[in-house]
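Below: the structure, in structure tokens.
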Amino acid sequence: VTIKEVAETIAEYFGQEINYDITKPMGDMKRLMSTERAENYGFKPKVSLEQGIIKTIKWYKENKDVLQK
């Protein structure tokens, strides 16, 4: 999963479009992460990235008053 995919998933949830400033540096071209080690211990994700982001946004919106105290 790329940072771009995470950002686009969040933007899509809120019905927004991301406008990238192509005059700025792009940062890391790639960051690779493997879940192979976790899978060897029996870890299997129960939700997709999109489902997890949506659940997190909903949780935050429901609990933001408590978090801001």
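Because only heavy atoms are used, hydrogens play no part in the values below, and waters and symmetry mates are left out as well, while side chains stay in. Index from 1, following the sequence.
The side-chain contact (heavy atoms from CB on, under 4.5 Å) check on Lys58 picks up Tyr13, Ile54, with sequence neighbours excluded. Not counting sequence neighbours, the partners of Ser48 by the side-chain contact (heavy atoms from CB on, under 4.5 Å) test are Glu50, Gln51.
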Taking only distance into account, with no hydrogens and no angle test, what donor-acceptor pairs under 3.5 Å do side-chain atoms of residues 4-12 form with protein atoms, sequence neighbours excluded?
{"residue": "Glu5", "atom": "OE1", "partner": "Thr2", "partner atom": "N", "Å": "2.6"}
{"residue": "Glu5", "atom": "OE1", "partner": "Thr2", "partner atom": "OG1", "Å": "3.3"}
{"residue": "Glu8", "atom": "OE2", "partner": "Tyr20", "partner atom": "OH", "Å": "3.4"}
{"residue": "Thr9", "atom": "OG1", "partner": "Glu5", "partner atom": "O", "Å": "2.7"}

What donor-acceptor contacts under 3.5 angstrom involve side-chain atoms of residues 38-46, with partners at least two apart or in another chain?
{"residue": "Glu39", "atom": "OE2", "partner": "Thr35", "partner atom": "OG1", "Å": "2.9"}
{"residue": "Asn40", "atom": "ND2", "partner": "Glu36", "partner atom": "O", "Å": "3.4"}

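For CD1 of Ile18, the number of neighbouring non-hydrogen atoms (other residues, nucleotides, ligands) closer than 6.0 Å is greater than 12.
Nearest heavy atom pair, residue Lys61 against residue Lys64, reads O-CG, 3.8 Å.
Phe14 and Ile53 fall within a single hydrophobic cluster, where Ile, Leu, Val, Met, Phe, Trp and Tyr side chains are chained together by heavy-atom contacts under 4.5 Å.
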